[in-house]
Amino acid sequence: MGCGGSREKAKDTPQIWSNHLDRSSQSKYNFKIVFLGKSGVGKTSITIRFCRDTFFDGTEATIGASFLTKTMNIDNRTIKFELWDTAGQERYRALAPMYYRNADAAVLVFDYTDPDSFQSLQSWLYEIQKNVPDCVIILCGNKIDLESSRKVQHEAAEDYAKENDCLLIEVSSKTGQNIQELFTKLGELLSYKHYKT
Ligand code: GTP
Ligand code: MG
């Protein structure tokens, strides 16, 4: 398991170093994001594409979890994402609460070519809503580059997201399509939420 050492938590210590009222000055935020979903859906690939702008065919299954960080600027705000990439294999399921505890957002990942991974979103959704009530939840459908093997239809995913009041983002960590948009959306949602509270 990778680890980033000690860290200050955004909710406990709002890291907005500039004056809230001065929108022209630079604000800084730390957000903890947890990636959850069935093994093989591409959680590791998404985080690696975002943090290192690269992709590996045939990555190994994650053991426990990995930790990565990346800082980006959105609308004059500096946002540091602290990414917990969890292991999807069933044997690690019991560890998940350790990683989603205090998360600002959960990205629930499924694979458009694997209907079972889409079905399994339900249990993650319930678990996060129950245990981390303030957490922003984003549904992330990965592998849209494999259009000819698609088994989950866009409309089904969109309907499911609407029913559950979540945002759906379709990405490909292989081509990089929409990866930047996923994190820009997360940064916007979270900094807006933080600003209001
Ligand atoms: P666990 O660590 O076991 O939970 O799996 P994971 O969700 O981290 O999946 P991982 O990122 O290891 O990807 C699983 C496989 O899918 C690997 O062979 C990746 O190369 C492949 N993969 C991931 N993302 C994509 C994608 O967008 N398109 C395609 N075609 N393959 C992908
Ligand atoms: Mg992994």
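Read the numbers this way: they start at 1 and go in the same order the structure lists the ligands and their atoms.
Those atoms of ligand 1 that come under 4.0 Å of a heavy atom in Val41, given as number and element, are 7 (O), 9 (O). Set against the non-hydrogen atoms of Gly40, the atoms of ligand 1 under 4.0 Å away are 1 (P), 3 (O), 5 (O), 6 (P), 7 (O), 9 (O), 14 (C), 16 (O). Those atoms of ligand 1 with a heavy atom of Asp57 less than 4.0 angstrom away are 20 (O). Residue-ligand proximity, Ser45 to ligand 1, at heavy-atom distances under 4.0 Å covers atoms 10 (P), 11 (O), 13 (O), 19 (C), 23 (C), 24 (N).
For Lys70 and Phe183, the positive end is not near the middle of the six-membered ring at less than 6.0 Å and at most 45° from its axis. In this structure, Arg150 forms a cation-pi arrangement with Tyr112, its terminal cationic atom sitting closer than 6.0 Å to the ring centre and no more than 45° off the ring axis.
The set of protein atoms (N, O or S) found at less than 2.8 Å from the Mg ion (ligand 2) reads Thr44 OG1, Thr62 OG1, by chain and number.
The proximity of Leu146 to ligand 1, defined as any non-hydrogen pair under 4.0 Å, is limited to the side chain. With a heavy-atom cut-off of 4.0 Å, Asn142 touches ligand 1 through its side chain alone. With a 4.0 Å heavy-atom cut-off, ligand 1 is reached by the side chain of Asp145 but not by its N, CA, C or O. Only the backbone of Phe56 comes within 4.0 Å of ligand 1, judged by heavy-atom distances.
For ligand 1, one of its N or O atoms has an N or O atom of Lys43 under 3.5 Å away. The N/O atoms of Ala61, backbone and side chain alike, include none that comes under 3.5 Å of an N/O atom in ligand 1. At least one N/O-N/O distance between Gly58 and ligand 1 falls below 3.5 Å.
The shortest separation from a heavy atom of Phe55 to ligand 1 is under 4.0 Å, placing the residue in contact.
When hydrogens are left out, the protein atom nearest atom 3 (O) of ligand 1 is Ser39 OG, 2.6 Å; that is the closest non-hydrogen contact. The shortest contact between atom 9 (O) of ligand 1 and any protein heavy atom is with Gly42 N, 3.1 Å. Nearest non-hydrogen protein atom to atom 16 (O) of ligand 1 is Lys143 NZ, 3.1 Å.
Residues forming a salt bridge (charged side-chain N to carboxylate O under 4.0 Å, His left out) with Glu188 (at least two apart in sequence, or on another chain): Lys185.
Of the possible polar contacts, one joining the Lys43 side chain to the Gly37 backbone as a donor-acceptor pair under 3.5 Å is found. Looking at Lys174, its side chain never comes within 3.5 Å of a backbone N or O of Asp57 through a donor-acceptor pair. A distance-only check finds a donor-acceptor pair linking the side chain of Lys32 to the backbone of Tyr99 [under 3.5 Å]. Counting only distance, with no hydrogens or angles, the side chain of Asn142 and the backbone of Val41 share a donor-acceptor pair below 3.5 Å. With Arg77 contributing its side chain and Ile74 its backbone, the two residues share a donor-acceptor pair below 3.5 Å.
Using the six-membered ring where Trp is involved, Phe50 and Phe81 have ring planes that are perpendicular, over 60° apart on the 30 and 60° scheme.
Side chains of Asp145 and Gln177: no donor on one and acceptor on the other come within 3.5 Å. Side-chain atoms of Thr44 and Thr62 form a donor-acceptor pair, as typed in the model, at a separation below 3.5 Å.
The option from Gly88, Ser173, Gly64 that lies nearest to atom 25 (C) of ligand 1, judged by heavy atoms, is Ser173. When Thr62, Ile144, Thr59 are ranked by how near their heavy atoms come to atom 12 (O) of ligand 1, first place goes to Thr59.
Inter-residue side-chain proximity for Ser117 and Lys143 is flagged as unmet; no heavy-atom pair is nearer than 4.5 Å. A 4.5 Å side-chain heavy-atom check between Val171 and Ile169 finds at least one atom pair inside the cut-off.
Met98 and Ile128 end up in the same hydrophobic cluster when Ile, Leu, Val, Met, Phe, Trp and Tyr side chains are linked at under 4.5 Å.
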